[in-house]
Amino acid sequence: MLSLMWAVLGYLAFTVWMPGQQERYEHYRTAEPCPARATPQEVAAKDCLTTWHFTVTEAKSVPAGKSTAYEATLADQGDHSSQRVVRFSDSRPLFHELHRGDEVTATGWRRDIVALSKDGVRQNTTDAPRDEHQVNAALGVLVALLAAQSLVFGAVRLARPTAYAPFVWEPYGRWLTFTNICVSGSLGVAAVWLGIPWWAVLVTVPIVVCAVMVRLLRKQRRAAASAATVPRTRRQQDSRVSSR
């Protein structure tokens, strides 16, 4: 059942989520500015970019675990009772320049504020679509690997109910699970930074996971061999002492 759950999530990731994210990004990339005084119906029909004007009422950094979220609260210049909060993934190039009372220009798309600008400086918000499918691909590979692991471990338990080692949680199952998570997350982010194509992640993640697991298994076997050698040596020494 666990393997089936991961398999369904992996299927949806590659057939629904990733294509949907790619399509959304392409629509945003090709969107054009809306005509002046366009009605909401025309904006929705043309799927175009709108321009709004706001006044900054607050700009603050919010701790979020090991990272920091940057939030700016915006008020409509004609009605300060109507406010919206936008978030940024970084403080530069614009957020650190925002202060209470600043007038800013917002770019809207599909009812989201996707960018903010002031005095020619522009910064995308976290709602802006991005061409960063490497992380999406890494997450898809992660759930696929978890599905395969669950299937193998479960099948061995069914086939050999009384002798299913080493397909157990400690230590191999735990090692494999955390290796999958760490490798997938690290390579997904690294691929974004380095500009590696998303399809390369599909091949790289399984290879690195296998390499890490082989290294861990060798280390475990050496430790087990060393632990077995020590008692044998002690027994030999004890037998020599008793013979004397």
Side-chain angles (χ1 to χ4, degrees), residues 1-25 61-70 87-91 124-161 163-224:
M1 292 299 296
L2 188 60
S3 174
L4 179 61
M5 180 194 73
W6 289 122
V8 170
L9 290 177
Y11 174 80
L12 293 176
F14 287 111
T15 61
V16 178
W17 184 42
M18 285 187 61
Q21 292 294 315
Q22 178 64 31
E23 182 181 12
R24 185 171 185 267
Y25 171 75
S61 303
V62 181
K66 295 183 179 180
S67 60
T68 303
Y70 304 93
R87 294 174 176 82
F88 304 91
S89 58
D90 197 355
S91 63
N124 287 339
T125 69
T126 55
D127 289 324
R130 290 174 172 81
D131 186 19
E132 297 177 352
H133 305 298
Q134 296 93 332
V135 176
N136 300 343
L139 291 176
V141 175
L142 169 61
V143 295
L145 291 175
L146 292 177
Q149 177 184 347
S150 301
L151 177 62
V152 172
F153 277 52
V156 172
R157 281 176 175 266
L158 291 176
R160 301 185 305 184
Y164 46 78
F167 298 93
V168 291
W169 175 250
E170 286 290 348
Y172 303 108
R174 176 171 58 84
W175 285 357
L176 184 55
T177 299
F178 286 104
T179 298
N180 287 333
I181 295 173
C182 294
V183 170
S184 299
S186 301
L187 290 183
V189 174
V192 172
W193 290 345
L194 298 175
I196 299 174
W198 68 268
W199 50 263
V201 177
L202 304 180
V203 180
T204 307
V205 170
I207 292 176
V208 176
V209 168
C210 292
V212 173
M213 282 304 300
V214 168
R215 183 178 180 84
L216 290 175
L217 289 173
R218 288 179 177 175
K219 184 177 181 180
Q220 173 71 7
R221 289 176 180 174
R222 290 197 198 101

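Note: hydrogens, waters and symmetry copies are ignored here, and every other heavy atom, side chains too, is used. It should be emphasised that the depicted structure is a prediction, and the values quoted were computed from it without experimental measurement.
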As a quick check of understanding, evaluate side-chain contact (heavy atoms from CB on, under 4.5 Å) for Leu146 and Asn180, giving each step before the final call. CA-CA 8 Å; Leu146 292 177; Asn180 287 333; 4.0 Å; yes
For Asn136 and Trp198, run side-chain contact (heavy atoms from CB on, under 4.5 Å): C-alpha distance rounded to whole Å, both residues' side-chain angles, the deciding distance at 0.1 Å, then the answer. CA-CA 8 Å; Asn136 300 343; Trp198 68 268; over 6 Å; no
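- For Arg215, the CZ atom is loosely surrounded, since the number of other residues' heavy atoms within 6.0 Å does not exceed 12.
- Atoms CH2 and CG, on Trp6 and Leu145 in that order, are 11.5 Å from each other to the nearest 0.5 Å.
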After noting the C-alpha distance and the side-chain angles of Phe153 and Leu2, does the key distance pass the side-chain contact (heavy atoms from CB on, under 4.5 Å) rule? CA-CA 11 Å; Phe153 277 52; Leu2 188 60; over 6 Å; no
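- For Gly140 against Ala13, the heavy-atom pair with the smallest separation is CA-CB, 4.1 Å.
- Here the shortest heavy-atom pairing between Ala7 and Ala147 reads N-CB, 3.6 Å.
- For the atom pair CG of Leu9 and CH2 of Trp17, the computed distance is 11.0 Å after rounding to the nearest 0.5 Å.
- Rounded to the nearest 0.5 angstrom, Tyr172 OH and Thr177 OG1 are separated by 14.5 Å.
- Within the 4.5 Å cutoff, no side-chain heavy atoms of Leu176 are placed close to those of Leu216.
- Proximity of a side-chain donor or acceptor of Gln134 to a complementary backbone N or O of Ala190 within less than 3.5 Å is not detected.
- Two residues are said to be in side-chain contact when any heavy atoms from C-beta on lie closer than 4.5 Å; Phe14 and Val141 meet this criterion.
- In plain terms, the two heavy atoms of Leu151 and Ser3 that are nearest each other are CB-OG, 3.3 Å.
- Annotation for Ala138 and Gly188: closest pair CB-CA, 3.8 Å, computed over non-hydrogen atoms.
- Atom CH2 of Trp169 has more than 12 heavy atoms from other residues, nucleotides or ligands within 6.0 Å.
- Here the OG1-CE distance, from Thr179 to Met213, works out to 5.5 Å after rounding to the nearest 0.5 Å.
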Checking Gln22 against His133 for the side chain to side chain donor-acceptor pair (under 3.5 Å) test, could you report, in this order, the C-alpha distance in whole Å, the side-chain angles of both residues, the deciding distance, and whether it holds? CA-CA 8 Å; Gln22 178 64 31; His133 305 298; 2.4 Å; yes
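- Closest non-hydrogen pair, Val135 versus Val189, comes out as CG2-N, 4.2 Å.
- The minimum heavy-atom distance between Ser89 and Arg130, with the atom names listed, is OG-NH2, 4.3 Å.
- With rounding to the nearest 0.5 Å, the separation of CG in Leu202 from CD1 in Ile207 is 11.0 Å.
- Note that the CG atom of Asp90 and the CG atom of Asn124 stand 12.0 Å from one another [nearest 0.5 Å].
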